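Let me begin by presenting the structure, written as structure tokens, before commenting on it.
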Amino acid sequence: MKKFVLSKDDKSAVSYSISYENLLNEAQFEAVTHVDGPVLLVAGAGTGKTRTLIYRVARLVENGTDPSEILLLTFTRRAAHEMLRRASHILDERCRRVEGGTFHHYCSKILHRHAESIGYPDNFTIIDSQDAMEAVNLVRNRLDLPKRKSRFPKKSTLYFMFSSSINRQIPVRELVENEYPQFTVHIDLIEEIYAKYQEYKELNYVMDFDDLLVKTRDLLRDNDDLRNVIASRHRYVMVDEYQDTNALQAELTSLFSSVHHNVMAVGDDAQSIYSFRGADHKNMLAFPELFEGTKVIKLEENYRSTQRILDVANRVLEEAEEKFDKQLYTKNEEGDLPGLVKAANMNDQSRFVAQMILNLREQGYELSDTAVLFRNGRDSFDLEVVLNNKNIPYVKYGGQKFTEAAHVKDVLAHLRVLLNPKDLISWNRVLMLIDGIGPKTAEDLFQWAHTRGNPFEPDRAPNASEKYLVQLKALSELFAKLKKLDGSVTEQLQEVVSYYSVFCRKQFDDYPKRMKDLETFVDISGTYQSLNQLIEQLALDPIEATVIDTEASEKDESPLVLSTIHSSKGLEWRNVFLIQCLDGILPSGYAMDDPRQMDEEVRLLYVAVTRAKENLFITYPALFQSRYGDYFSQPSRFIEDIGERLLEPWLLVEEHENNNLLEE
DNA sequence: GGGTTGCAAACAGAG
DNA sequence: TTTGCAACCC
């Protein structure tokens, strides 16, 4: 018999349309050309981690991998889109077919497809954290609470406990005992509320964000056949921002890649800033233990920033208790010394930022080359007023979302009810708009309507009071109309907005602005194919509050960016202003009694600083103005002793005292 | 007396 | 802007 030896298909025989060697440095190239087996890519800020991921996608596709066999998990949907857009740009449109999004997105997709396996109908709806807290509140109020003996956790604390317990995989009891000793006396009640909350969600066909992860994990863990089917599709799994994943997401990563074992995690432990969501940067260190045979690749050369910006960044990291084995370096030019700007008060700080941005624009920078970063969403309010006065267009990332505003939630509640009539929280919202209906009547109406079988005619309730019967009738008519309009999201939304306008006027002083928001919302709703899709997308990917404003105004100039530091992760700008850099804000006052949280505040400052490519200004006001009085404030303890050699002090001087606006 | 509404205090970060 | 609580209404 003759033997013929089949040789392995030689990858080098593929001729690539991209010259990877020339476009990447050695470590990047190694990561990009890695094919089989687990890899941990430890990539410092600005070292080209996104670039590496994009080129790896392109490379795998060029190798002949079907794009849909690549699973790319990112921190936001925006990040996923941006990466695939860039990958398509360097290679071709095939890259758009890569599977991906956030963990929550992808899990939601799986769950909708296999809803029946977990005892849910496929029209289950996703509730955001506000609604989840309402549900916790609801089940809490059904129990007899201890009356004023000792303090009981409020709904947001309860929800936070439950969520931490899940994301960090620690039992509620243990978590309360260790981290909330003041509530240990109520431990049995807390556990009971937790159980009732789980029950509530199952009975009402809703899932919170954590359920998306947990139920997917359970589904794959307990159903080997299904796990095999799903994991077989993922020849390559890539997880971005791995330092901000939690225990549950690590488990999911392992399940997703359990057939082919080709998983690449990318992250930077020095940029871990999401521990409040249960993330643990030690996940990164644990990666090689979880995935046997992991190859570790490090990216250390920074391409983003000037050396002087990196000097500040490196110095900031020294403030952390837990040391990092990390010194960023670059071959970029030295650049200007970053500035430390002390303003007399908040408004001077805003004026400085606005004027400096205009100066930079005159020097040839686009507005969108500049970002203003801050610790809390509200820290930019004063600046926003100044920018509006000066007609400087901006977008704001982070902070209050459009979909979280009360008037938008009200409108959406009507649609949610239509989609999932068992969604009690939304029903309550809808019914309680009506005069004379509070939480109790709302729930009674809900119970009555559901035992009777037609929830959309609450006006038929036998014991409904005259006082609100007329309004209940109007509500029933609205639902009748909405059902007729089935299939046309825009028309349905328009109908709800018309119905709602009366309530909007009654409820809010600034109803003209709110109604305008809603009209814009109607205008852009055409992009959603179905009601289901609209509700789901808005929950998983809420619209930034300013997107609506920007949509309404002319977009003739790409706008300035305002962003919380958290939302600035992964992004970069030529000029960065970090404002309100005050002790008590960054670091946050909440973090001060916990060294681990304080370290995270250091990393937060590190993330802010490393967003800058060319110019960095850190500003703070000497006078902190809050609603309840002004007081003198101190600059952040992390920057106070950085020293003038690294951070140049700036003094603001008024024009009439000296002809220059700014003196150095 | 239960339920609703008006009032006084606290206030992060995000999928 | 939201959350728990007290006064107020049916």
Side-chain angles (χ1 to χ4, degrees), chain A residues 73-80 101-108 126-130 132-134 137 140-141 145 147-148 151-158 160 163 166-167 207-213 241 244-246 248-249 272-279 373-379 381 397-401 403-407 409 431-444 465-468 506-510 536-542 544-545 563-569 580 584-591 597 600-601 603-604 607-608 626-628:
Chain A
L73 295 167
T74 52
F75 202 72
T76 62
R77 243 172 105 98
R78 204 167 67 209
T102 63
F103 275 92
H104 292 89
H105 259 106
Y106 187 58
C107 288
S108 167
I126 298 168
I127 55 173
D128 64 17
S129 37
Q130 279 182 51
M133 287 177 206
E134 283 308 312
N137 200 34
R140 182 184 66 169
N141 292 338
L145 288 186
K147 290 210 169 102
R148 35 174 85 239
R151 270 195 91 72
F152 197 77
K154 50 182 195 178
K155 61 180 177 186
S156 54
T157 312
L158 286 168
F160 189 72
S163 185
I166 289 164
N167 283 295
M207 287 197 204
D208 63 20
F209 290 129
D210 300 327
D211 289 328
L212 297 175
L213 305 184
E241 310 286 6
D244 286 320
T245 58
N246 57 44
L248 197 49
Q249 290 166 324
S272 168
I273 54 175
Y274 277 88
S275 70
F276 66 91
R277 246 173 69 180
L373 307 181
F374 33 85
R375 176 66 175 83
N376 310 312
R378 57 164 182 264
D379 292 333
F381 289 167
Y397 297 124
Q400 165 93 305
K401 297 286 192 296
T403 16
E404 283 163 7
H407 56 301
K409 293 218 74 166
L431 293 169
M432 277 163 55
L433 285 172
I434 295 168
D435 263 345
I437 300 184
K440 192 65 176 62
T441 314
E443 198 174 343
D444 288 348
S465 142
E466 283 295 325
K467 212 174 74 185
Y468 46 76
K506 207 161 51 189
Q507 211 180 148
F508 304 107
D509 296 337
D510 60 341
E536 170 123 3
Q537 294 222 354
L538 289 181
L540 293 176
D541 206 9
E544 301 287 346
S563 176
T564 59
I565 301 174
H566 283 95
S567 293
S568 75
K569 192 170 77 151
Q580 286 294 94
I585 292 195
L586 181 61
S588 158
Y590 296 101
Q597 284 192 54
E600 179 144 313
E601 300 290 311
R603 296 194 293 266
L604 205 46
V607 168
S626 79
R627 241 175 206 219
Y628 297 97

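Proteins get letters first, then strands, A, B, ... in listed order; numbering begins at 1 in each. Since we're looking at a predicted model, the values are computed, not measured.
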With respect to the side chain of [X], which nucleotide from [options] is positioned closest?
X: A:Phe276; options: B:dA12, B:dG15, B:dA14; value: B:dA14
X: A:Asp435; options: C:dG4, B:dG13, B:dT5; value: B:dT5
X: A:Ser129; options: B:dG15, C:dG4, B:dA14; value: B:dG15
X: A:Thr441; options: B:dA12, B:dG3, B:dA14; value: B:dG3
X: A:Arg375; options: B:dG13, B:dT4, B:dC11; value: B:dG13
X: A:Ser567; options: B:dA12, B:dA14, B:dG15; value: B:dA14

Q: Measure the CG-NE2 distance between A:Leu213 and A:His104 for me, rounded to the nearest 0.5 Å.
A: 4.0 Å
Q.
Can you tell me how far apart NE2 (A:His407) and CG (A:Asp510) are? Round to the nearest 0.5 Å.
A. 8.0 Å
(Q) Please tell me if A:Thr564 has a side-chain N or O lying less than 4.0 Å from either OP1 or OP2 of B:dA14. (A) yes
Could you tell me the separation between the [atom1] atom of [X] and the [atom2] atom of [N], rounded to a whole number of Å?
X: A:Glu404; N: B:dG13; atom1: CD; atom2: P; answer: 10 Å
X: A:Glu241; N: B:dG15; atom1: CD; atom2: P; answer: 12 Å
X: A:Phe160; N: B:dC11; atom1: CZ; atom2: C1'; answer: 15 Å
X: A:Gln130; N: B:dA12; atom1: CD; atom2: P; answer: 13 Å
X: A:Met133; N: B:dG15; atom1: CE; atom2: P; answer: 14 Å
X: A:Leu431; N: B:dT4; atom1: CG; atom2: P; answer: 11 Å
X: A:Asn376; N: B:dC11; atom1: CG; atom2: C1'; answer: 9 Å
X: A:Lys155; N: B:dA10; atom1: NZ; atom2: C1'; answer: 14 Å

(Q) Quick check: on DNA chain B, is the nucleotide nearest A:Lys440 upstream (toward 5') of the one nearest A:Leu540, or the reverse? Name the residue that is more 5'. (A) A:Lys440
Q) Taking the nucleotide of DNA chain B with the closest heavy atom to each, which residue, A:Lys154 or A:Asp541, is nearer the 5' end? A) A:Lys154
What does [X] touch in the nucleic acid at a heavy-atom separation under 4.0 angstrom: a base, only the sugar-phosphate, or nothing?
X: A:Phe75; answer: sugar-phosphate
X: A:Pro542; answer: nothing
X: A:Thr102; answer: sugar-phosphate
X: A:Asp210; answer: base
X: A:Ile437; answer: sugar-phosphate

Q: Examine distances only and state if a side-chain atom of A:Glu601 and a backbone atom of A:Ala591 form a donor-acceptor pair shorter than 3.5 Å.
A: no
Q. Does A:Asp244 use its side chain to pair, donor to acceptor, with the backbone of A:Ile273 at less than 3.5 Å?
A. yes
Q. Do we get A:Arg277 above A:Phe209's six-membered ring, with its NZ or CZ under 6.0 Å from the centre and within 45° of the axis?
A. no
Q) If you measure from the Lys or Arg side-chain nitrogens to the Asp or Glu carboxylate oxygens, is any gap between A:Asp128 and A:Lys409 under 4.0 Å? A) yes
